Amino acid sequence: TKLKAQPSDDFPTIPRVAGSSFEIESRKLIEGIKSVYYSASVSDIKPEIASVYVYNNGEGLVFVATDSFRLAEKKIKLKQTPEVLGILLPFKNVIELLRVFGEFQGGIKISFNKNQISFSSDYIYLTSRVIDGVFPDYRQIIPKESSSEVVLLKQDLLDALKLSNVFSDKFNQVNIKVLPKEKKLELSSGNQDVGENKTILDSAVSGQDVELAFNYKYFLDCFQSLTTDSVSIKLSGSGKPIVVNPVSDPSFTYLIMPMNR
């Protein structure tokens with residue numbers, strides 16, 4: 001199942017003015033990009049999603065990436081909000097940006113127009129083209145409500161996912177079952193050549209029974225962006241996205257579309 005969102009008139013898509021510039025701490029820029037870039041598409045067939053999208057939300061910058069099967073959003077608060085209505089950074093150039101500025105400490109000046117963007121410090125200058133496209137209004141596919149929520153320790157979930165991976169099939173399918181009455185979360189996987197596995201985790205569970213399948217790799221990818229010891233998983237039924245958040249940290253949101261069972 002794919003995420004489906006259409007561009008909308010009130011969603012930022014292009015730089016507000018040509019020739020704009022602002023400064024940002026390197027650690028905040030890198031944090032925003034590293035939190036989401038792995039969710040971008042690696043195919044150039046749709047350049048608008050083979051990118052990291054950056055826009056201003058009034059409190060700072062929002063970084064978003066999706067390959068239509070999962071989506072990551074990271075909000076970075078800034079003392080001064082730059083005039084950035086919307087910029088699409090190519091995925092390939094984002095990798096280079098992380099390599100160049102990943103260990104850099106200090107401020108970075110960002111200058112951009114509708115075609116290009118540059119990142120510079122006292123000793124480093126990096127330039128990139130800006131993708132000419134429209135990022136879909138992903139906000140419309142983030143569920144406003146959920147039918148079930150599971151809160152558990154991040155490490156317990158990570159260990160269970162790694163174990164499920166050993167027994168998953170060629171599609172990386174893992175089944176998740178939410179059991180509110182038992183206060184349990186069940187993960188299971190099976191492979192004709194290896195066998196079957198079922199892991200049951202004690203959790204704080206509320207809502208309704210839910211069962212669906214997902215690609216374990218998509219779930220595993222987001223752990224690098226989960227900043228707290230506990231994780232919240234919200235589900236809204238079959239066919240609806242799984243929403244993952246660090247507990248008490250609303251700055252990061254991750255969506256995973258379920259697989260067709």
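Predicted, not measured: the structure shown is a model, and the values here were computed from it. Heavy-atom basis, side chains included; hydrogens, waters and symmetry copies ignored.
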More than 12 heavy atoms of other residues, nucleotides or ligands under 6.0 Å from NZ of K79: is that the case? no
For E196 and S189, test the side chains for any donor-to-acceptor distance below 3.5 angstrom and give the result as yes or no. no
Is there a side-chain contact between P241 and M257, using heavy atoms and a 4.5 Å cut-off? yes
Partners meeting side-chain contact (heavy atoms from CB on, under 4.5 Å) with I30 (sequence neighbours left out): K34, L98, F101
Regarding K114 and D132, does a basic nitrogen lie under 4.0 Å from an acidic carboxylate oxygen? no
Do the non-hydrogen side-chain atoms of L89 and Y37 ever get within less than 4.5 Å of each other? no
Determine, for D202 against K184, whether the closest basic-nitrogen to carboxylate-oxygen distance falls under 4.0 angstrom. yes
Identify whether the distance between the nearest side-chain nitrogen and carboxylate oxygen of R27 and E25 falls below 4.0 Å. yes
Verify the distance criterion only: is there a donor paired with an acceptor across the side chains of N245 and T253 at less than 3.5 Å? yes
Say whether, by atom type as modelled, one donor and one acceptor occur between the side chain of S147 and the main chain of L235 under 3.5 angstrom. yes
Under-4.0 Å salt bridge between E31 and K28: no
Answer yes if the side chains of S203 and K183 hold a donor-acceptor pair under 3.5 Å, and no otherwise. no
Carboxylate-amine/guanidinium proximity below 4.0 Å for D209 and K177: no
Between N165 and Y216: side-chain donor-acceptor atoms closer than 3.5 Å: yes
Tell me if the CD atom of Q224 is crowded by more than 12 foreign heavy atoms within 6.0 Å. yes
Evaluate the side-chain proximity of L255 to I142: yes if any heavy-atom separation is below 4.5 Å, no if none is. yes
Do K234 and E149 meet the salt-bridge criterion of a basic N to acidic O distance under 4.0 Å? yes
